[in-house]
Amino acid sequence: MPASRTTTLPPPHTDVLIVGAGPVGLALAVSLRQLGVDHVLIDRDDGPRTGSRAAALQPRSLEYLERIGVAQRLVAAGERGQGFRVHDRERTLLHASYAGLDTPYPYVLLASQETTERHLLRRLRELGGTTYRGHRFLGFTPDFPGITAVVAGPDGSLRSVRARYLVGCDGLHSAVRTAAGIGFPGEAPEQLFALADVRLAPGADGLAQDGTTFFLSRAGMLLLSPLADGQHRVVTPAAPGSGTLGTLGPVDIERLVAERGPLTGSIRVAEVVSASTYRVQERVAERFRRGPVFLAGDAAHTHSPAGGQGMNTGIQDAGNLAWKLHTVLTGAAPDELLDSYHEERHPVAAELVAFTSHFARLATLRDPDAGQRRNDLLAAAAATPGIPGWVAAKLAQLDTGYAREPGDGSPRVGERVSPLSVPQAGLHWTLALPGRGQQEHVQQQGVLTVRHVPGLRTPLLVRPNGHLAAHGVPAEPAEVLSGLDRYLPLPTPR
């Protein structure tokens with residue numbers, strides 16, 4: 001799909017101005033377009049970037065992308081990884097298999113970020129949306145009840161865009177976050193990482209083909225992962241002084257795999273498709289909302305890429321925010337509903353940064369004795385019933401929820417509702433009622449999809465992004481619709 005600069009100017013008025021057309025901004029734009037929310041999406045680049053770092057779509061992201069009509073196309077374009085392994089070169093220390101997960105997508109989809117962006121862009125165009133390429137966000141001024149943004153076009157000319165809400169999906173160095181005066185506390189560890197996407201010569205062996213593998217050796221950590229189109233991804237800590245982008249060659253890759261990868265087998269690199277070095281930052285924005293301004297994706301949180309979590313977390317940001325913007329803009333809920341975006345997503349991001357930081361530090365231990373203790377601990381954990389499944393569910397992001405009350409065995413408001421137990425489609429609310437006979441019955445009533453699900457014990461109301469809104473609700477759709485505001489995640493009273 002060729003990319004070119006947009007020659008038309010963005011309209012001067014819109015409900016939602018989205019800055020940044022990466023996977024998060026595109027997922028938000030597709031969601032809003034599907035919901036019928038007027039928006040403008042701008043991006044400073046001419047098209048999707050090549051050689052981007054994100055290369056894994058987790059099951060939870062695929063569940064949401066299914067709701068906006070993108071998942072099946074991505075599955076056809078990517079490779080299915082069956083899990084996540086940790087090796088010490090000689091043995092498997094931990095294998096977190098996705099095969100038994102409670103999801104229609106029991107695998108990690110290995111596809112480049114560029115592929116994800118292109119399929120989201122295609123879907124946006126199918127829905128009649130557009131991306132204003134070559135447009136740069138310069139700043140904004142408050143303009144009650146929203147903002148007026150200043151945007152520079154491809155030719156340098158300035159244009160004002162007035163919007164009720166502004167969403168920064170513009171990455172680590174977010175201009176929206178800076179303009180809103182939102183702090184971005186955290187740290188940047190000293191460790192530099194090298195990343196390369198390569199094509200291997202025929203005959204390579206010893207590399208796992210069924211998912212992502214971390215090798216923990218005395219020489220350092222090495223990640224190997226198959227990608228689509230016969231490529232493999234290699235990530236490893238970089239040596240001091242190797243900060244120049246694109247310096248890894250075939251011989252360098254072969255040497256790193258020989259030093260840090262499996263003891264058996266060998267590879268020969270036929271081509272280095274892309275190579276770079278990068279420094280991890282571990283930060284979470286102080287606020288995900290300030291008045292009419294929101295942050296999502298890397299603009300809101302950034303962390304180690306360990307486990308393939310970053311882009312996926314951003315897509316879930318978009319899914320959490322989209323239906324709330326729609327509900328407020330259509331007058332079905334007060335503006336306070338949007339405060340729940342920060343309340344729900346900020347703790348998820350903070351926990352994720354802590355988890356990936358801890359994992360990265362364990363993976364890059366330099367002391368041999370400490371490394372051996374780590375390996376023994378991982379092997380012991382893997383032998384403990386329930387631990388591999390817990391790790392798989394966490395990496396798959398199926399454990400992400402917003403429940404406020406303690407669990408007592410019954411469904412908890414805010415928890416994810418598996419599409420395998422309650423099928424969900426599109427961005428409607430879902431009212432699941434105990435089934436009639438053995439067949440599922442479906443009917444549509446306004447923003448509510450009513451499903452009669454065999455085996456269900458109590459009526460469930462599911463939010464548009466797949467989390468439980470309430471259980472034990474009335475069985476009459478009209479009664480639920482008339483009181484839908486009772487089931488909104490309004491902010492906790494202070």
Side-chain angles (χ1 to χ4, degrees), residues 48-58 74-98 107-118 192-239 242 244-278 305-308 311 363-364 395:
R49 293 184 179 181
T50 59
S52 52
R53 292 198 297 268
L57 283 163
Q58 300 291 351
L74 280 167
V75 169
E79 294 288 332
R80 302 185 187 190
Q82 300 309 312
F84 172 92
R85 298 176 185 268
V86 181
H87 279 250
D88 67 354
R89 304 198 74 192
E90 298 177 337
R91 57 174 175 158
T92 297
L93 301 173
L94 175 69
H95 178 206
S97 172
Y98 282 23
Y107 47 82
V108 55
L109 186 69
L110 303 167
S112 70
Q113 182 174 319
E114 181 184 0
T115 298
T116 300
E117 290 183 18
R118 291 193 181 280
L192 193 70
F193 284 84
L195 178 151
D197 291 344
V198 303
R199 295 187 191 278
L200 303 181
D205 64 284
L207 299 185
Q209 301 294 317
D210 63 348
T212 299
T213 302
F214 280 87
F215 291 93
L216 306 178
S217 72
R218 291 176 180 267
M221 181 272 288
L222 180 78
L223 177 148
L224 292 175
S225 178
L227 300 176
D229 302 324
Q231 296 184 40
H232 278 74
R233 170 152 294 183
V234 181
V235 181
T236 189
S242 58
T244 304
L245 299 180
T247 58
L248 290 177
V251 174
D252 300 310
I253 303 297
E254 293 169 3
R255 175 180 52 78
L256 285 169
V257 173
E259 290 177 349
R260 305 180 182 191
L263 288 177
T264 59
S266 61
I267 68 164
R268 189 165 64 84
V269 176
E271 177 189 3
V272 177
V273 179
S274 64
S276 63
T277 56
Y278 66 95
M311 177 176 66
T364 55
L395 292 172

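Listed here is the closest heavy atom pair of A55 and L227: CB-CD2, 3.8 Å. The nearest pair of heavy atoms linking Q82 to R80 is NE2-O, 3.5 Å. Contact between V257 and R89 at its shortest, heavy atoms only, is O-NH2, 4.4 Å. In this structure, A196 and I253 approach most closely via the heavy-atom pair CB-CD1, 3.7 Å. Nearest heavy atoms, V108 versus A56: CG2-CB, 3.7 Å. Here the closest heavy-atom approach between residue G249 and residue D252 is recorded as N-OD2, 2.9 Å.
How far OG1 of T277 is from CG of L195: 9.5 Å, rounded to the nearest 0.5 Å. Here CG of L57 is found 4.0 Å from OG1 of T116. Values are rounded to the nearest 0.5 Å. Note that CG of L93 and CZ of R85 are 11.5 Å apart. Values are rounded to the nearest 0.5 Å. To the nearest 0.5 Å, atom CG of residue D197 and atom CZ of residue R233 are 4.0 Å apart.
Counting heavy atoms from C-beta on, the side chains of P226 and L110 come closer than 4.5 Å. L224 has its side chain within reach of V234: a pair of non-hydrogen atoms, C-beta onward, lies under 4.5 Å apart.
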Quick one: do V269 and L200 satisfy side-chain contact (heavy atoms from CB on, under 4.5 Å)? Show the steps, please.
CA-CA 4 Å; V269 176; L200 303 181; 4.1 Å; yes
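A search for side-chain contact (heavy atoms from CB on, under 4.5 Å) contacts involving A228 returns E79, not counting sequence neighbours. Applying the side-chain contact (heavy atoms from CB on, under 4.5 Å) criterion to R260, with sequence neighbours excluded, gives S217, A219, L222, T236, P237, L256. Listed by chain and residue number, E271 satisfy the side chain to side chain donor-acceptor pair (under 3.5 Å) test with R199 (two or more places apart in sequence, or in another chain). For the salt bridge (charged side-chain N to carboxylate O under 4.0 Å, His left out) test, residues two or more places apart in sequence or in another chain that qualify with E259 are R255.
Residues F84 and F214 bring their aromatic ring centres within 6.0 Å.
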